[in-house]
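Following: one structure in structure tokens, then a few remarks.
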Amino acid sequence: MASNNKEKDTKYSDQSTDVSLSKSDLNRMAWRSLFLQASFNYERMQAAGWLFSMAPALEKIHKKKEDLVKSLKMHMEFFNTHPFLVTFIMGIIAAMEEKKNDIETIRGIKVATMGPLGGIGDALFWLTLLPISAGIGASLAIEGSIAGPIVFLIMFNIVHFVLRFGLMHYGYKTGVKSIAKLKENTKKVSKAASIVGLSVVGALIASYINLKTTLVINAGEASVALQTDVLDKTMPKMLPLGYALLMYWLLKKGWSPLKLIGITVIIGVGGKYLGIL
Amino acid sequence: MASNNKEKDTKYSDQSTDVSLSKSDLNRMAWRSLFLQASFNYERMQAAGWLFSMAPALEKIHKKKEDLVKSLKMHMEFFNTHPFLVTFIMGIIAAMEEKKNDIETIRGIKVATMGPLGGIGDALFWLTLLPISAGIGASLAIEGSIAGPIVFLIMFNIVHFVLRFGLMHYGYKTGVKSIAKLKENTKKVSKAASIVGLSVVGALIASYINLKTTLVINAGEASVALQTDVLDKTMPKMLPLGYALLMYWLLKKGWSPLKLIGITVIIGVGGKYLGIL
Amino acid sequence: MASNNKEKDTKYSDQSTDVSLSKSDLNRMAWRSLFLQASFNYERMQAAGWLFSMAPALEKIHKKKEDLVKSLKMHMEFFNTHPFLVTFIMGIIAAMEEKKNDIETIRGIKVATMGPLGGIGDALFWLTLLPISAGIGASLAIEGSIAGPIVFLIMFNIVHFVLRFGLMHYGYKTGVKSIAKLKENTKKVSKAASIVGLSVVGALIASYINLKTTLVINAGEASVALQTDVLDKTMPKMLPLGYALLMYWLLKKGWSPLKLIGITVIIGVGGKYLGIL
Amino acid sequence: MLTEALLIALWAGIAGIDLFNGLTHIHRPVVTGLVVGIILGDVQKGLVTGGMLELVWMGMAPLAGAQPPNVVIGGIIGAAFAILTNQDPSVAVGVAVPFAVAAQAGITLLFTAFSPVMHKADEFAEEGNLKGIAKINYFGISILFVSYFIVAFLPVYFGADAAEAMVGMLPQTFIDGLSLAGGMMPAIGFALLLKIMLKKEYAGFLILGFVLVAYLELPILAVALLGTSIALYDYFINKSNDQTPPGNKEVITDGI
Amino acid sequence: MLTEALLIALWAGIAGIDLFNGLTHIHRPVVTGLVVGIILGDVQKGLVTGGMLELVWMGMAPLAGAQPPNVVIGGIIGAAFAILTNQDPSVAVGVAVPFAVAAQAGITLLFTAFSPVMHKADEFAEEGNLKGIAKINYFGISILFVSYFIVAFLPVYFGADAAEAMVGMLPQTFIDGLSLAGGMMPAIGFALLLKIMLKKEYAGFLILGFVLVAYLELPILAVALLGTSIALYDYFINKSNDQTPPGNKEVITDGI
Amino acid sequence: MLTEALLIALWAGIAGIDLFNGLTHIHRPVVTGLVVGIILGDVQKGLVTGGMLELVWMGMAPLAGAQPPNVVIGGIIGAAFAILTNQDPSVAVGVAVPFAVAAQAGITLLFTAFSPVMHKADEFAEEGNLKGIAKINYFGISILFVSYFIVAFLPVYFGADAAEAMVGMLPQTFIDGLSLAGGMMPAIGFALLLKIMLKKEYAGFLILGFVLVAYLELPILAVALLGTSIALYDYFINKSNDQTPPGNKEVITDGI
Ligand SMILES: OC[C@H]1O[C@H](O)[C@@H](O)[C@@H](O)[C@@H]1O
Ligand SMILES: OC[C@H]1O[C@H](O)[C@@H](O)[C@@H](O)[C@@H]1O
Ligand SMILES: OC[C@H]1O[C@H](O)[C@@H](O)[C@@H](O)[C@@H]1O
């Protein structure tokens, strides 16, 4: 029974798939995606911006209020990826919404893709496109040429906007093509998505939470650095994992994310003052 | 039928679970655990000391002689872990015995936990607590202060005994709490334990058997070091694996462990004399 | 139905297993294996030489023309391994043919073994036996002694021929012993072989295709090396994988391997001239 | 000076938005140098200083919410200072960096302070109120604008020395602590995800992903590829099983 | 001298037990230095020498049965020699180490020699005789005591020179060979485990654990975590399957 | 000179075959030096030069079709040149290497050119014509012989200078490009394998193998071991399942 209820929760009640997003819908979403980080914050990161960008699609697809609410709630969950490549995920997810996939499956795909695209995007844009275009621009500017900033902006933004809009349409097409199949087999697909999704979350925990102790115990001639001599040898990244699990446990105990954010600030500042973090 | 016999072998005939270990039983076990390595040897390592420490629990739990014998035999099998953290395993295993879990499951949990706890304990105590407390002690002693040895012993043993006794009780509680569930599903749990257990044994083989050949073939201008130029490039740790499998094969052929120990001494000393090990 | 047809395709119609290869059959195959690379080429590598070496066995085993053709076609598929250790695979495969295993299973075993034996053989012969024996030979020759070449040839070829013939017989025996069991359960075995086989192909793609871009983008003060700054950080070996998948896709689109070889030459030479590869 | 300070502050507000939204990168020093140069009437010096500051910030990338010294404030203060005090561009860098670091700490506070607003967003979601969601985002942008406006206005109007004295009042340890807290923050987001996604059945994969990165230092992409390879195995190879008796499926979902 | 030698030997016996049992670490040089100092009447020198020897042995850890030069004998001989010959503590180290290495080889022999006793323990287990098991452990401790007693007594009583000559008679290669054999010994324990646990069905996991350590140099804990992640997958996700037809389960156990 | 050149070319043909077939290693410089020495009447010089060239080529291994500078041509030209021009053996190396590199490029072309012949082989296979297959292999060997014969004959007969001028006409970039193409060629073989073996059901394992080598740099053997460990798991542990309802099996094969 619990499972029946649950099933209801994760399925849209209106399963009709007659709505199709138009090119201009997708373009509107791509424009809105410029605001992905408008309300960036530590609790949900890009969630509200993501939802804002997805809004044109969701509004058109879910004509039943009940379904719209289900969808909005899910899209307000934690989200973070690269702000350029995000449109690829948007396209795919829009197609999945259109085909009324199970909510759990949609969430699984969101989580499974956001991590890798974040990493790839950081490498491609922040570590490649930016230094190249800014390097050219800066070298012109240093010689006093006004062409510097202009060349930089043109170079950078041609790539930027072609990708932002192109990936939206490409993601949508990919989604439409490959989603029909996925839906037949909801349970299995959402299982597969959970497998990738949770692997990625595990990887994100070890990659993106920065927490190391600087504690060094000096004992006469001996000196033991807790991080490098003990933790790194038995379980590197134990502190990030521990902290994530602590947050998880507190959330389950009913603490609000806000409280956790406050605590994190206190621990961070306190740890610095005590010299142990 | 073979499987039926086997099943009988791995199940206690008396499945009653009315015995409960008292705090003082656990404390007696913790005291005895000080003798974990009293009869340390290369064939079973800490097995006899482990059994000695478990004795109070086993005696109380298994009222049928037949079951006691089954249990003693299993607990005389090879065992090795860190001599402080061992009480955590003891607590868990005592709870499992109390709940009359399948013998195969108990063995699986023993093997699955002993390796990681060994590694963690070595890092925590031999590489952390000891250098810190001894460092402080030594620096005082070198200045001629009698406080050196005293401070050292107090620091070290507070941690030591708190852990030794604390982990015994904690392990037992953990065991009691989580073991009831495990028993329902014996086959599946012992399968899971075997998966972890054998992975750990594979890891132990590659970690803890020290065997490298020093053979270097000098051929005119060329010189090939068998270990670094060949083995390390195709299959590092091939010799430890090979030696473990050889021992395994000889055991299966009926050789006694004693004979194998003798052979190992001969190979070690002989290899040194020949300059190939 | 598709599956039924397929099943027919992968099974020999004559399932009799009365033929046994004689020692002299195996020896003939070992002699022929000297010609493994007689027609080495980039499309199939050692395939035709492999088939030539297997011929005595195949001819004797498959009395029905239809089966012989099936077998020959499969043995003309891409093959590459170490030219000495190859006889071990030959022995096993001969035993499998003799026992009329499923063609898919035979292919799986071929692919699963050729990669690792290639790597091992390269380490043992090209990186070990050859430098040792040639080192001794060269040092004698440099002193003007005619013993140099002679000692070298004798040393090298004793190992070479003992292994080449020995492994043929050993492989065959191993095959005969362990193949009877495999056959009972064709589907499962060919699944297992596919698992290992495809893992090995994935590994071969990353190991043996050499393709790196030398493209460096210089932008004023900044300079981004595409290979080391971008690809190696997100997905090393992305170019080899991409190229292999491109070739795969073109093959599926009906392009001939010859065309692909031509294109590869053009890309290689062109890339060098453009300075991007 | 007021007009110039206001114009520069206006530009800072726009550039501050662009740093996180739009991302047309008009916020980079190489562009800001030109703009500040025009405002303060020395285009040449602005260009040269902007170019040099660009090189300083090159490679400080904003990865996963981690904040390098703020490039917008750094670029603006650096360029303005170079022109106003007629100093050598390379000296400008020394002045720009402490402001940029302080601004970065401020951003951490901002991202912290904006978290509660998400609960308003949850309410809007519950009501199906998409306008509300939009407003929250517009509000976020306004906050960004105002913050950058003020932070850029003060030092230009009151002079770098006075402003620096103000910045100097913030203890360095406090600023460092904020940046450290910023690095820990993603834990909360991941915990929220776990609360939704984690079921006992899949806990193994969380461990897998963690071990692959913690011990083997694989990039996320490699973990996703391995996860995909397991998912494919599970999907196709175990396929027949799960399709069999429909009753069994419930068992999976109800879980233990 | 006899009394002192006997007292020191007594202490060596106790410390020798503590090295493997009890582990209160009264066996460390920093404590032993004090005790030997008291016995030989020069507490100051004992403390200082003990402290210095402590630093020498710090970090030589007894991991997985691998034996560093014996810390008990090293500490005792070192401290006694420093006081008796009135040498500088740092010279004591040079004398202590060869004895400690020889003692380590002796320990390897002891651990080897004690293996046969396990078969007596098996018999006791077969009889359900827990007293017997206890006796074996007491016997083990007695052997430890006696061995350390003798090894410490001789050099103190006969003088370091005479004792060193005796040690010198043992060829170095032989001692090294014993230590090498000690390093190989765990293979036998693991083989005994395999004899009990290894079934064809699980052989893959043995390979897995081996490959993860041999090629990727993962610590055991990481392997256990990965093993757990597979076990969880197997337990929860394949769950429905194995529960289906009870007849099939036999197949698993009977195995091929 | 003609006789000598012909004899040397004959030896080159034989050695060239041995490099890929037979592999008795009579093709190595240490043997070739002796043979060329006999032909040209200076056994001593031949031996010494051969020995030195052997050391140069030692360790240039022919792995997975990748070609180091051709050892046959290198050895022959080097030895012949040293004797004919009465130069110091070490100078011979400098002359030998460019020829060897060019010959290596030629081999890449040969392996490319031989690919079409495989389609003839396919036809023979289709007809069950094993004689045909044999002929193709004999043909391959003949081609090898002739190629080496010519390539060795020319420089010995016309003199190294003239020959070098010819080699010099081939642009270095072209030769490098061929070698680069040689390195890419295995992609085609693997693609052919994939065309036969790849099914959606197993695609995950292709990814697995790739990731293990690309990111973790495992050797092939380790990948095969891990693959085996998964295959064993799948074979034994999932065993009961797949044996159950025979109807389900079809589903697996028909695949989605
Ligand atoms: O790492 C992914 C992504 O995370 C955050 O959203 C910001 O730091 C972006 O700059 C970054 O690209
Ligand atoms: O490594 C685990 C454990 O192994 C042996 O029992 C001894 O070497 C201990 O000192 C060590 O802690
Ligand atoms: O790497 C396996 C094998 O590949 C090719 O066949 C040749 O390069 C051989 O020399 C090599 O041993």
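By convention in this document, chain letters (A, B, ...) are assigned in the order of the sequence lines, proteins followed by strands, and residues within each chain are numbered from 1.
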Aromatic rings His25(E) and Phe156(B): how do their planes relate, parallel, tilted or perpendicular, breaks at 30° and 60°? tilted
Identify each donor-acceptor pair in which a side-chain atom of residues 251-260 of chain B lies under 3.5 Å from a protein atom, sequence neighbours left out, and give them as a table.
residue	atom	partner	partner atom	Å
Ser256(B)	OG	Leu258(B)	N	3.4
Ser256(B)	OG	Lys259(B)	N	3.2

Report task. Would you check if Glu77(B) and Leu192(E) make a side-chain contact, meaning some heavy-atom pair closer than 4.5 Å? Result -> no
| said: Using the ring centroid of each side chain, check whether Tyr138(E) and Phe52(B) are separated by less than 6.0 Å. | reply: yes
Between Phe190(E) and Tyr248(B), is the ring centroid distance below 6.0 Å?
no
Discussion item. Are the side chains of Arg28(E) and Leu130(B) in contact, using a 4.5 Å heavy-atom criterion?
Written reply: yes
Query raised in the report: Can you check whether Ala192(B)'s main-chain N or O pairs, donor with acceptor, with Asp234(E)'s side chain at less than 3.5 Å?
Result: no
Q. So, do Phe40(B) and Phe111(E) have ring centers that fall under 6.0 Å from each other?
A. yes
Test item: Asn21(E) side-chain N/O and Ala38(B) main-chain N/O as donor-acceptor pair under 3.5 Å
yes
Applying a strict 4.5 Å limit to non-hydrogen atoms, the region of Pro219(E) in contact with chain B is neither
Ranked by heavy-atom pairs below 4.5 Å to chain E, first place among Ile120(B), Leu239(B), Leu153(B) goes to Leu153(B)
Among Glu127(E), His119(E), Glu217(E), the residue with the most heavy-atom pairs under 4.5 Å to chain B is His119(E)
